[in-house]
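Worth knowing before you read on, the calculation uses all heavy atoms, side chains too, and leaves out hydrogens, waters and symmetry mates.
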Amino acid sequence: MISSSLRLVPVTEENFDAVCAVRVAPAQEHLVSPVVKSLAEAYMHGPVAWPRAVVDGDEVVGFVMAFVDIVWNPAKDPDERRSGIWRLNISAAHQGKGYGRFAVGAVLQELRTRGAAEAHVCWSRAEGSPEPFYLGLGFRPTGEFSGDQTVAVIPLP
């Protein structure tokens, strides 16, 4: 059961080691990059990356990173900007407890406050895919692919 102290917090010097220690289930490792790679990407991409620790009480249970107002496909349309879920890692020991659902919901709320009309996410269709999770949250495939990943969208009313 999720506690009332569940929140997203910035990654800081104080929680960095705990955030980097988040490991998904072994069967999911081929589907999502490790947190440390996500943090390096956040550093490289500056203001379009929004990395956060998923914390319950004093315990880091996961990591989520949004992309905010990123140029989606500069070669096709340099003016098209999108926001959405870039990375979601919930510790294997904490999966199935609603932490992922909370993290996605909190990111969607953050994007709403920033004025986004919709949010995107991509997933691999490999075994263990998070597709059912994202479909259950209301994301719908757009028919596009980013590399070999399905692109999906959810409106943010």
Side-chain angles (χ1 to χ4, degrees), residues 1-46 48-70 82-114 116 118-142 145-156:
M1 179 157 169
I2 295 179
S3 76
S4 61
S5 64
L6 186 59
R7 64 206 182 281
L8 298 186
V9 301
V11 178
T12 64
E13 184 177 343
E14 291 76 26
N15 66 17
F16 177 79
D17 288 335
V19 173
C20 287
V22 168
R23 299 285 185 274
V24 298
Q28 299 167 329
E29 290 175 347
H30 68 288
L31 297 169
V32 64
S33 294
V35 173
V36 70
K37 180 178 181 192
S38 298
L39 291 172
E41 289 173 330
Y43 175 79
M44 289 177 25
H45 292 280
V48 300
W50 194 71
R52 292 294 185 267
V54 183
V55 178
D56 191 356
D58 293 328
E59 184 179 10
V60 173
V61 298
F63 171 82
V64 65
M65 186 163 71
F67 58 93
V68 180
D69 206 26
I70 194 169
R82 295 185 184 181
S83 299
I85 306 290
W86 190 344
R87 202 69 42 75
L88 178 61
N89 303 60
I90 301 297
S91 172
H94 293 94
Q95 291 183 8
K97 299 176 182 178
Y99 293 119
R101 179 177 291 274
F102 167 81
V104 171
V107 167
L108 297 182
Q109 183 57 41
E110 175 68 20
L111 296 176
R112 272 186 207 95
T113 64
R114 292 173 180 243
E118 58 188 18
H120 290 81
V121 70
C122 298
W123 62 72
S124 171
R125 295 191 116 167
E127 186 174 333
S129 170
E131 179 177 29
F133 169 76
Y134 287 116
L135 291 175
L137 293 176
F139 284 89
R140 294 293 171 247
T142 64
F145 289 89
S146 178
D148 64 347
Q149 294 191 333
T150 298
V151 177
V153 66
I154 190 170
L156 299 177

For residues [X] and [Y], report the shortest heavy-atom separation together with the two atoms involved.
X	Y	result
Val121	Phe139	CG1-CD2, 3.5 Å
Gly57	Ser5	N-OG, 2.9 Å
Ala42	Ala49	CA-CB, 3.6 Å
Val11	Ala53	CG2-N, 4.1 Å
Val19	Phe63	CG1-CD1, 3.7 Å
Arg23	Cys20	NH1-O, 2.5 Å

Is the shortest side-chain heavy-atom distance between [X] and [Y] below 4.5 Å?
X	Y	answer
Trp86	His45	yes
Leu135	Pro141	yes
Val64	Val104	no
Leu8	Val107	yes
Thr150	Thr142	no

How long is the gap from [atom1] on [X] to [atom2] on [Y], to the nearest 0.5 Å?
X	Y	atom1	atom2	value
Phe102	Asp56	CZ	CG	9.0 Å
Arg101	Leu88	CZ	CG	12.0 Å
Tyr134	Ile154	OH	CD1	11.0 Å
His94	Glu59	NE2	CD	3.5 Å
Ile85	His120	CD1	NE2	12.0 Å
Asn89	Met65	CG	CE	9.0 Å

Can you check whether [Y]'s main-chain N or O pairs, donor with acceptor, with [X]'s side chain at less than 3.5 Å?
X	Y	answer
Gln95	Ile90	yes
Ser91	Val61	no
Ser83	Asp69	yes
His30	Glu127	yes
Gln28	Ala25	yes

Verdict with supporting geometry, Arg87 and Glu41, salt bridge (charged side-chain N to carboxylate O under 4.0 Å, His left out): CA-CA 11 Å; Arg87 202 69 42 75; Glu41 289 173 330; 2.9 Å; yes
Residues forming a salt bridge (charged side-chain N to carboxylate O under 4.0 Å, His left out) with Arg82, sequence neighbours excluded: Glu80, Glu144
